[in-house]
**Student:** 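Can you read through this structure? Questions will come right after.
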Amino acid sequence: MPKGGRKGGHKGRVRTYTSPEEIDAQMKAEKERKKQEQEAEEMGGAAQNDTAEEKLPASGSEDSDDENSDRRRAGVEGLIEIENPNRVAQKSKKVTQIELDEPKQLSRREREEIEKQKAKERYMKMHLAGKTDQAKADLARLAIIKKQREDAAKKKEEEKKAKDAAAAAARGINSLSMK
């Protein structure tokens, strides 16, 4: 037999939905509340803030009484004040309070990454100057290749001259034989 006997389980319960009119009313009330809060902040008076809250319609939830608190409390925390020495409250700083004079503390990974970049830059400078072992090996290899290419060009030029001389000699022989 399924859970819950013959009457069915928890999945067949009737669900209630919020009507569109109720949603519109709630949104209007929320807009009015925000508008009144902004006006109250502009005025700056605590007494005016209290009167603005009294004019608001009740939203029907119990948490609406606790709107002024920074964070919502759930469970026992809302009933009992607990002082936790390990909990650090998050404090937001204003732009004017931020101190730009003190140096930023970098994490170990950030420091290592910066050092790695600086070392790479130093190596590249020395490599371009030809002071590293790899640069010296590259320059030596380039010199060998340059010399081989020069030798190949000279050899090719000599072969071309020899071929031209042979062709000229053949033409000379042909021109003499024709006469």
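Computation of the quantities below employed the complete heavy-atom set of this structure, encompassing side-chain atoms and omitting hydrogens, waters and symmetry-equivalent molecules. Just so it is clear, the model here is predicted, and its values are computed rather than measured.
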**Student:** First locate atom CD of Glu41, then atom CD of Glu39, and finally report the distance between them rounded to the nearest 0.5 Å.
**Tutor:**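 Nearest 0.5 Å value for the CD-CD distance: 11.0 Å.
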**Student:** Using a strict 4.0 Å threshold on nitrogen-to-oxygen distance, state whether Glu37 and Arg33 make a salt bridge.
**Tutor:**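 Looking at Glu37 and Arg33, the cut-off is met.
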**Student:** Which side-chain N or O atoms in residues 134-160 pair as donor and acceptor under 3.5 Å with protein atoms at least two apart or in another chain?
**Tutor:**
{"from": "Gln134", "atom 1": "OE1", "to": "Tyr123", "atom 2": "OH", "distance (Å)": "2.7"}
{"from": "Asp138", "atom 1": "OD1", "to": "Arg141", "atom 2": "NH2", "distance (Å)": "2.4"}

**Student:** If you measure from CD on Glu32 to CD on Glu30, what distance do you get to the nearest 0.5 Å?
**Tutor:**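 That separation rounds to 10.5 Å.
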**Student:** Among residues at least two apart in sequence or on other chains, which ones pass salt bridge (charged side-chain N to carboxylate O under 4.0 Å, His left out) with Glu110?
**Tutor:**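 None.
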**Student:** In Å and rounded to the nearest 0.5 Å, what is the CG to CE distance from Asp133 to Met126?
**Tutor:**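 Spacing of CG (Asp133) from CE (Met126) equals 9.0 Å.
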**Student:** For Arg122, which residues count as a salt bridge (charged side-chain N to carboxylate O under 4.0 Å, His left out) partner, sequence neighbours excluded?
**Tutor:**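 With neighbours one apart ignored, the set is empty.
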**Student:** Flag the pair Glu112 and Lys116 as a salt bridge only when some basic side-chain nitrogen lies within less than 4.0 angstrom of an acidic carboxylate oxygen.
**Tutor:**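 So Glu112 does not pair with Lys116 through a salt bridge.
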**Student:** Would you give the length of the straight line joining atom CD of Glu21 to atom OG of Ser19, rounded to the nearest 0.5 angstrom?
**Tutor:**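 Atom-to-atom, Glu21:CD and Ser19:OG are 4.5 Å apart.
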**Student:** Heavy-atom count around Asp164 CG within 6.0 Å, excluding the residue itself: above 12?
**Tutor:**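 Yes, the 6.0 Å shell around CG holds more than 12 heavy atoms from other groups.
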**Student:** Between Arg111 and Leu106, which heavy-atom pair has the shortest distance, and what is it?
**Tutor:**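 Smallest heavy-atom distance, with atoms named: NH1-O, 2.9 Å.
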